[in-house]
Amino acid sequence: MRSKKMLSIPLRWSKTTPLKWTLTLILMAGCGTDPTAQSSKSDRSIDEQPKIRLESSKEENVKIQEGKKGKENKSSIVQVENKTENNASPTTEKNREQKILIDAPFIKQKPELPRGCEVTSLAMLLNHAGVSVDKMTLANKVAKVPFEENGVRGNLNDGFVGNMRTMGKPGIGVYHGPIKNLAEAYVPGKVVDFTGKDFSEVIAHLDQKRPVWVIVTSTYDVVPEGEWQTWKTSSGPLKITYNMHSVLVTGYDKDSVYVNDPLHSKNRKLRKKPFIAGWEQLGGQAITITK
(Lines give C-alpha, C1' and ligand atoms only; values in the text may rest on other atoms or scores of the structure.)
Protein backbone atom coordinates (compact mmCIF):
# COMPACT_ATOMS: atom_id res chain seq x y z
CA MET A 1 0.00 0.00 0.00
CA ARG A 2 1.34 3.39 -0.94
CA SER A 3 2.13 5.59 2.08
CA LYS A 4 0.48 8.97 2.33
CA LYS A 5 2.09 12.18 3.43
CA MET A 6 -0.13 14.01 5.89
CA LEU A 7 -0.36 17.57 7.17
CA SER A 8 -0.46 18.77 10.76
CA ILE A 9 -2.80 21.65 11.52
CA PRO A 10 -2.05 23.19 14.93
CA LEU A 11 -4.68 25.45 16.46
CA ARG A 12 -3.40 28.36 18.51
CA TRP A 13 -5.90 30.41 20.45
CA SER A 14 -5.24 34.11 21.03
CA LYS A 15 -6.58 36.30 23.82
CA THR A 16 -9.80 37.86 22.66
CA THR A 17 -12.58 40.00 23.98
CA PRO A 18 -15.78 38.12 24.93
CA LEU A 19 -17.82 37.00 21.93
CA LYS A 20 -21.42 38.14 21.46
CA TRP A 21 -23.77 35.67 19.83
CA THR A 22 -27.19 36.36 18.41
CA LEU A 23 -28.49 32.81 18.50
CA THR A 24 -28.83 29.99 21.00
CA LEU A 25 -26.56 27.03 20.20
CA ILE A 26 -28.31 23.71 20.74
CA LEU A 27 -26.17 20.92 22.19
CA MET A 28 -26.16 17.51 20.48
CA ALA A 29 -27.70 18.92 17.32
CA GLY A 30 -24.87 18.63 14.80
CA CYS A 31 -25.90 19.93 11.40
CA GLY A 32 -29.55 19.50 12.40
CA THR A 33 -29.42 22.92 14.03
CA ASP A 34 -30.79 25.62 11.75
CA PRO A 35 -28.06 28.29 11.47
CA THR A 36 -30.46 31.07 10.43
CA ALA A 37 -28.99 33.77 12.62
CA GLN A 38 -25.64 35.45 12.03
CA SER A 39 -23.17 36.93 14.48
CA SER A 40 -22.99 40.68 14.88
CA LYS A 41 -19.31 40.81 15.78
CA SER A 42 -17.14 43.49 14.25
CA ASP A 43 -14.40 42.75 11.72
CA ARG A 44 -11.85 43.56 14.40
CA SER A 45 -13.13 40.82 16.70
CA ILE A 46 -13.12 38.37 13.79
CA ASP A 47 -9.45 39.13 13.08
CA GLU A 48 -8.61 38.35 16.70
CA GLN A 49 -10.18 34.88 16.66
CA PRO A 50 -8.20 31.61 16.62
CA LYS A 51 -6.55 30.91 13.28
CA ILE A 52 -5.42 27.61 11.79
CA ARG A 53 -1.92 27.29 10.42
CA LEU A 54 -0.70 24.53 8.14
CA GLU A 55 2.64 22.90 8.86
CA SER A 56 4.36 19.89 7.31
CA SER A 57 4.45 16.77 9.49
CA LYS A 58 5.59 13.15 9.29
CA GLU A 59 2.66 12.00 11.41
CA GLU A 60 0.03 9.82 9.80
CA ASN A 61 -2.96 11.67 11.25
CA VAL A 62 -3.58 15.35 10.74
CA LYS A 63 -3.94 17.05 14.08
CA ILE A 64 -5.51 20.35 14.95
CA GLN A 65 -3.86 21.21 18.21
CA GLU A 66 -4.73 23.84 20.73
CA GLY A 67 -1.67 25.81 21.76
CA LYS A 68 -1.89 27.92 24.91
CA LYS A 69 1.28 29.26 26.49
CA GLY A 70 3.34 26.35 25.22
CA LYS A 71 0.82 23.65 26.16
CA GLU A 72 -0.27 21.24 23.40
CA ASN A 73 -3.60 19.45 23.12
CA LYS A 74 -3.00 16.35 20.99
CA SER A 75 -6.56 16.18 19.68
CA SER A 76 -7.06 15.78 15.98
CA ILE A 77 -10.00 17.25 14.11
CA VAL A 78 -9.64 16.18 10.50
CA GLN A 79 -7.38 13.86 8.55
CA VAL A 80 -5.94 15.51 5.46
CA GLU A 81 -3.89 14.00 2.68
CA ASN A 82 -1.03 16.20 1.51
CA LYS A 83 -2.00 15.43 -2.06
CA THR A 84 -4.34 17.43 -4.25
CA GLU A 85 -5.10 17.09 -7.93
CA ASN A 86 -6.03 20.71 -8.16
CA ASN A 87 -6.93 21.79 -11.67
CA ALA A 88 -8.20 25.18 -10.60
CA SER A 89 -6.67 28.21 -12.25
CA PRO A 90 -4.92 30.94 -10.23
CA THR A 91 -7.26 33.60 -8.89
CA THR A 92 -6.17 37.18 -9.50
CA GLU A 93 -7.08 40.27 -7.51
CA LYS A 94 -9.13 41.42 -10.49
CA ASN A 95 -11.50 38.46 -10.55
CA ARG A 96 -11.81 38.56 -6.77
CA GLU A 97 -13.81 41.75 -7.28
CA GLN A 98 -16.33 40.14 -9.63
CA LYS A 99 -19.45 38.18 -8.77
CA ILE A 100 -19.63 34.47 -9.53
CA LEU A 101 -22.88 32.56 -9.02
CA ILE A 102 -23.36 28.93 -10.07
CA ASP A 103 -26.82 27.51 -10.74
CA ALA A 104 -26.44 24.21 -8.88
CA PRO A 105 -29.44 22.01 -7.97
CA PHE A 106 -30.94 22.76 -4.55
CA ILE A 107 -32.06 19.97 -2.20
CA LYS A 108 -33.42 20.30 1.35
CA GLN A 109 -32.27 17.84 3.98
CA LYS A 110 -35.47 17.95 6.04
CA PRO A 111 -37.74 16.32 6.92
CA GLU A 112 -36.09 13.00 6.11
CA LEU A 113 -32.54 13.82 7.24
CA PRO A 114 -32.45 16.35 10.09
CA ARG A 115 -28.73 15.65 10.53
CA GLY A 116 -28.00 14.78 6.91
CA CYS A 117 -26.50 18.04 5.71
CA GLU A 118 -23.28 16.37 4.50
CA VAL A 119 -24.93 13.81 2.20
CA THR A 120 -27.52 16.34 1.04
CA SER A 121 -24.83 18.83 0.05
CA LEU A 122 -22.99 15.99 -1.70
CA ALA A 123 -26.18 15.13 -3.60
CA MET A 124 -26.29 18.72 -4.87
CA LEU A 125 -22.63 18.53 -5.93
CA LEU A 126 -23.06 15.21 -7.73
CA ASN A 127 -26.24 16.28 -9.51
CA HIS A 128 -24.48 19.42 -10.73
CA ALA A 129 -21.78 17.13 -12.16
CA GLY A 130 -24.45 15.19 -14.06
CA VAL A 131 -24.91 12.28 -11.65
CA SER A 132 -28.56 11.53 -10.91
CA VAL A 133 -28.56 10.44 -7.27
CA ASP A 134 -30.76 11.40 -4.34
CA LYS A 135 -29.88 12.24 -0.74
CA MET A 136 -31.51 9.09 0.66
CA THR A 137 -29.37 6.82 -1.50
CA LEU A 138 -26.25 8.63 -0.29
CA ALA A 139 -27.49 8.48 3.31
CA ASN A 140 -27.76 4.71 2.99
CA LYS A 141 -24.35 4.30 1.38
CA VAL A 142 -22.14 6.65 3.42
CA ALA A 143 -19.86 4.93 5.94
CA LYS A 144 -21.28 4.94 9.47
CA VAL A 145 -19.97 4.38 12.99
CA PRO A 146 -21.82 4.11 16.31
CA PHE A 147 -22.16 7.25 18.40
CA GLU A 148 -20.69 5.40 21.38
CA GLU A 149 -19.53 1.84 21.86
CA ASN A 150 -17.66 0.26 24.77
CA GLY A 151 -17.16 3.65 26.36
CA VAL A 152 -15.59 5.34 23.32
CA ARG A 153 -17.17 7.72 20.82
CA GLY A 154 -17.28 7.39 17.06
CA ASN A 155 -14.78 9.32 14.94
CA LEU A 156 -16.13 11.66 12.23
CA ASN A 157 -13.12 10.81 10.07
CA ASP A 158 -14.27 7.17 9.95
CA GLY A 159 -17.93 7.67 9.06
CA PHE A 160 -21.18 9.34 10.04
CA VAL A 161 -21.33 9.28 13.83
CA GLY A 162 -24.69 8.34 15.30
CA ASN A 163 -28.14 8.83 13.81
CA MET A 164 -28.78 11.27 10.95
CA ARG A 165 -32.51 10.52 10.57
CA THR A 166 -33.87 11.59 13.95
CA MET A 167 -32.95 14.14 16.59
CA GLY A 168 -34.37 11.78 19.21
CA LYS A 169 -31.19 9.69 19.14
CA PRO A 170 -27.58 10.91 19.54
CA GLY A 171 -25.61 11.87 16.46
CA ILE A 172 -23.39 14.60 15.06
CA GLY A 173 -22.10 14.23 11.48
CA VAL A 174 -19.23 13.16 9.23
CA TYR A 175 -16.07 14.79 7.89
CA HIS A 176 -14.65 15.05 4.39
CA GLY A 177 -12.88 11.67 4.15
CA PRO A 178 -15.93 9.38 4.02
CA ILE A 179 -17.74 11.93 1.81
CA LYS A 180 -14.85 11.93 -0.66
CA ASN A 181 -14.86 8.13 -0.74
CA LEU A 182 -18.60 8.08 -1.41
CA ALA A 183 -18.28 10.63 -4.21
CA GLU A 184 -15.47 8.61 -5.80
CA ALA A 185 -17.88 5.69 -6.20
CA TYR A 186 -19.95 7.83 -8.59
CA VAL A 187 -17.24 9.86 -10.38
CA PRO A 188 -13.98 7.90 -10.01
CA GLY A 189 -10.87 9.98 -10.59
CA LYS A 190 -12.77 13.27 -10.71
CA VAL A 191 -13.08 14.12 -7.03
CA VAL A 192 -10.72 16.85 -5.79
CA ASP A 193 -10.28 16.95 -2.00
CA PHE A 194 -8.31 20.08 -1.16
CA THR A 195 -8.98 20.08 2.57
CA GLY A 196 -6.46 22.19 4.48
CA LYS A 197 -5.80 24.58 1.59
CA ASP A 198 -6.41 28.33 1.58
CA PHE A 199 -9.89 29.66 0.76
CA SER A 200 -8.42 31.09 -2.44
CA GLU A 201 -8.57 27.49 -3.73
CA VAL A 202 -12.34 27.53 -3.23
CA ILE A 203 -12.52 30.81 -5.16
CA ALA A 204 -10.42 29.34 -7.97
CA HIS A 205 -12.75 26.39 -8.40
CA LEU A 206 -15.80 28.65 -8.33
CA ASP A 207 -14.17 30.67 -11.11
CA GLN A 208 -14.11 27.42 -13.09
CA LYS A 209 -17.86 26.96 -12.43
CA ARG A 210 -17.28 24.16 -9.94
CA PRO A 211 -19.36 24.39 -6.75
CA VAL A 212 -17.57 23.26 -3.61
CA TRP A 213 -18.78 21.00 -0.78
CA VAL A 214 -17.58 22.28 2.61
CA ILE A 215 -17.90 21.79 6.35
CA VAL A 216 -18.37 25.10 8.18
CA THR A 217 -19.52 26.19 11.62
CA SER A 218 -23.32 26.33 11.92
CA THR A 219 -23.06 30.00 12.95
CA TYR A 220 -21.04 30.82 9.81
CA ASP A 221 -18.52 32.40 12.14
CA VAL A 222 -15.92 31.42 14.74
CA VAL A 223 -17.23 29.12 17.46
CA PRO A 224 -15.85 30.02 20.91
CA GLU A 225 -13.56 27.62 22.73
CA GLY A 226 -16.22 26.75 25.29
CA GLU A 227 -18.31 25.09 22.56
CA TRP A 228 -15.61 22.50 21.78
CA GLN A 229 -15.10 19.07 23.36
CA THR A 230 -12.39 16.44 23.13
CA TRP A 231 -13.72 12.94 22.58
CA LYS A 232 -11.98 9.66 23.28
CA THR A 233 -12.55 7.67 20.09
CA SER A 234 -11.42 4.29 18.78
CA SER A 235 -9.13 6.19 16.39
CA GLY A 236 -7.65 8.46 19.05
CA PRO A 237 -8.57 11.82 20.65
CA LEU A 238 -10.82 14.02 18.52
CA LYS A 239 -11.69 17.65 19.14
CA ILE A 240 -15.29 18.35 18.05
CA THR A 241 -18.05 20.93 18.16
CA TYR A 242 -21.74 20.27 17.63
CA ASN A 243 -21.94 23.66 15.93
CA MET A 244 -21.03 22.31 12.49
CA HIS A 245 -22.87 22.27 9.18
CA SER A 246 -22.28 21.29 5.55
CA VAL A 247 -23.24 23.47 2.57
CA LEU A 248 -22.45 23.71 -1.13
CA VAL A 249 -20.59 26.92 -1.96
CA THR A 250 -21.99 28.28 -5.22
CA GLY A 251 -20.48 31.74 -5.58
CA TYR A 252 -18.88 34.84 -4.18
CA ASP A 253 -18.48 38.57 -4.59
CA LYS A 254 -16.24 41.10 -2.88
CA ASP A 255 -17.81 40.82 0.58
CA SER A 256 -20.04 37.75 0.42
CA VAL A 257 -20.19 34.06 -0.32
CA TYR A 258 -23.24 32.27 -1.71
CA VAL A 259 -24.23 28.77 -0.63
CA ASN A 260 -26.89 26.17 -1.27
CA ASP A 261 -27.80 25.65 2.38
CA PRO A 262 -29.81 22.42 2.79
CA LEU A 263 -31.43 23.86 5.93
CA HIS A 264 -32.28 27.21 4.37
CA SER A 265 -32.29 28.16 0.69
CA LYS A 266 -30.57 28.20 -2.70
CA ASN A 267 -27.70 30.67 -3.20
CA ARG A 268 -27.99 32.01 0.33
CA LYS A 269 -25.88 35.14 0.79
CA LEU A 270 -23.48 35.19 3.76
CA ARG A 271 -20.72 37.50 4.94
CA LYS A 272 -17.45 36.25 3.49
CA LYS A 273 -14.96 37.07 6.24
CA PRO A 274 -16.71 35.32 9.17
CA PHE A 275 -17.70 32.41 6.90
CA ILE A 276 -14.06 31.80 6.02
CA ALA A 277 -13.07 32.05 9.70
CA GLY A 278 -15.62 29.38 10.64
CA TRP A 279 -14.57 27.17 7.72
CA GLU A 280 -10.91 27.41 8.72
CA GLN A 281 -11.74 26.57 12.32
CA LEU A 282 -13.05 23.18 11.17
CA GLY A 283 -9.91 22.44 9.19
CA GLY A 284 -10.83 23.98 5.82
CA GLN A 285 -12.65 20.86 4.61
CA ALA A 286 -13.49 21.16 0.90
CA ILE A 287 -14.32 18.86 -2.02
CA THR A 288 -15.29 19.48 -5.63
CA ILE A 289 -15.65 17.53 -8.87
CA THR A 290 -13.83 18.11 -12.13
CA LYS A 291 -15.33 17.35 -15.52
Side-chain angles (χ1 to χ4, degrees), residues 9 11 16 19-23 25 30-31 33-54 64 77-78 88 91 95-102 104 106 109 117-118 120-122 124-125 173 175-176 179 194-207 210-225 227-228 241-288:
I9 311 177
L11 179 63
T16 64
L19 298 174
K20 297 179 180 178
W21 299 93
T22 61
L23 73 166
L25 301 177
C31 70
T33 301
D34 188 350
T36 55
Q38 296 187 43
S39 171
S40 60
K41 299 191 299 297
S42 67
D43 285 346
R44 180 175 180 274
S45 65
I46 293 169
D47 290 337
E48 293 173 345
Q49 298 311 312
K51 303 296 182 181
I52 290 176
R53 295 174 56 192
L54 299 179
I64 296 183
I77 288 189
V78 294
T91 302
N95 62 28
R96 286 179 189 273
E97 300 298 317
Q98 67 183 355
K99 179 176 179 178
I100 294 292
L101 196 59
I102 300 169
F106 175 69
Q109 68 187 77
C117 55
E118 298 94 346
T120 304
S121 294
L122 176 59
M124 291 188 271
L125 177 63
Y175 283 160
H176 69 108
I179 292 296
F194 55 102
T195 295
K197 300 292 184 178
D198 188 80
F199 195 78
S200 61
E201 297 287 331
V202 176
I203 297 295
H205 283 288
L206 294 172
D207 287 343
R210 302 172 191 146
V212 179
W213 177 100
V214 300
I215 292 286
V216 65
T217 54
S218 59
T219 59
Y220 300 119
D221 206 335
V222 167
V223 170
E225 183 181 356
E227 298 296 333
W228 292 79
T241 179
Y242 282 97
N243 302 312
M244 57 174 279
H245 189 39
S246 177
V247 298
L248 187 70
V249 184
T250 56
Y252 70 94
D253 57 31
K254 181 179 179 182
D255 300 313
S256 307
V257 295
Y258 297 84
V259 304
N260 278 9
D261 182 344
L263 278 177
H264 194 271
S265 59
K266 180 183 177 79
N267 290 335
R268 183 181 184 185
K269 184 178 181 179
L270 300 166
R271 292 189 302 145
K272 183 190 287 183
K273 194 168 185 178
F275 181 93
I276 294 174
W279 174 74
E280 289 177 340
Q281 198 179 21
L282 276 162
Q285 300 180 61
I287 295 170
T288 193

Checklist entry - Can you find a heavy atom in the side chain of H245 that is under 4.5 Å from one in the side chain of Y220? => result yes
Next on the checklist: In the structure I gave you, are the side-chain heavy atoms of L122 and I287 within less than 4.5 Å of one another anywhere?
Outcome noted: no
Next on the checklist: Rounded at 0.5 Å granularity, tell me how far OG1 in T120 sits from CG in L248.
Outcome noted: 11.5 Å
Checklist entry - What are the two closest non-hydrogen atoms of K269 and S256, and how far apart are they? => result CE-OG, 3.1 Å
Checklist entry - So how far is it from N260 CG to I102 CD1, rounded to the nearest 0.5 Å? => result 9.5 Å
Item to check | Contacts of type ring pair (Phe, Tyr, Trp, His ring centres under 6.0 Å), residue F106, not counting sequence neighbours | outcome: none
Next on the checklist: Can you confirm whether K272 sits close enough to D255 that some side-chain heavy atom of one is under 4.5 Å from a side-chain heavy atom of the other?
Outcome noted: no
Next on the checklist: Once rounded to the nearest 0.5 Å, what's the spacing between atom CD of Q109 and atom CD of E118?
Outcome noted: 8.0 Å
Item to check | Atom pair OG1/CD of T241 and Q281 - distance to nearest 0.5 Å | outcome: 7.5 Å
Checklist entry - Between S200 and D198, does any side-chain donor sit less than 3.5 Å from a side-chain acceptor? => result yes
Checklist outcome for this item: All heavy atoms of V214 vs all of A286, minimum pair found to be CG1-CB, 4.2 Å
Checklist entry - Nearest 0.5 Å, what's the CD-OH distance between Q285 and Y175? => result 6.0 Å
Checklist entry - Mind checking what makes ring pair (Phe, Tyr, Trp, His ring centres under 6.0 Å) contact with Y258, not counting sequence neighbours? => result none
Item to check | Criterion side-chain contact (heavy atoms from CB on, under 4.5 Å) against V247, the qualifying member of L263, V257, D261, I215 | outcome: D261
Next on the checklist: Quick check: do L125 and P211 have side-chain heavy atoms less than 4.5 Å from each other?
Outcome noted: yes
Next on the checklist: Just so I know, are the side chains of Y252 and D207 near enough to count as touching, which here means a heavy-atom distance under 4.5 Å?
Outcome noted: yes
Checklist entry - With distance as the sole criterion, is a donor-acceptor pair present between the side chains of T195 and H176 under 3.5 Å? => result yes
Checklist entry - Which pair of heavy atoms, one from S121 and one from S246, lies closest together, and at what distance? => result OG-O, 3.1 Å
Checklist entry - With a 4.5 Å heavy-atom cut-off, do K266 and T250 have their side chains touching? => result no
Item to check | Point-to-point distance, once rounded to the nearest 0.5 Å, from CZ of F275 to OG1 of T217 | outcome: 8.0 Å
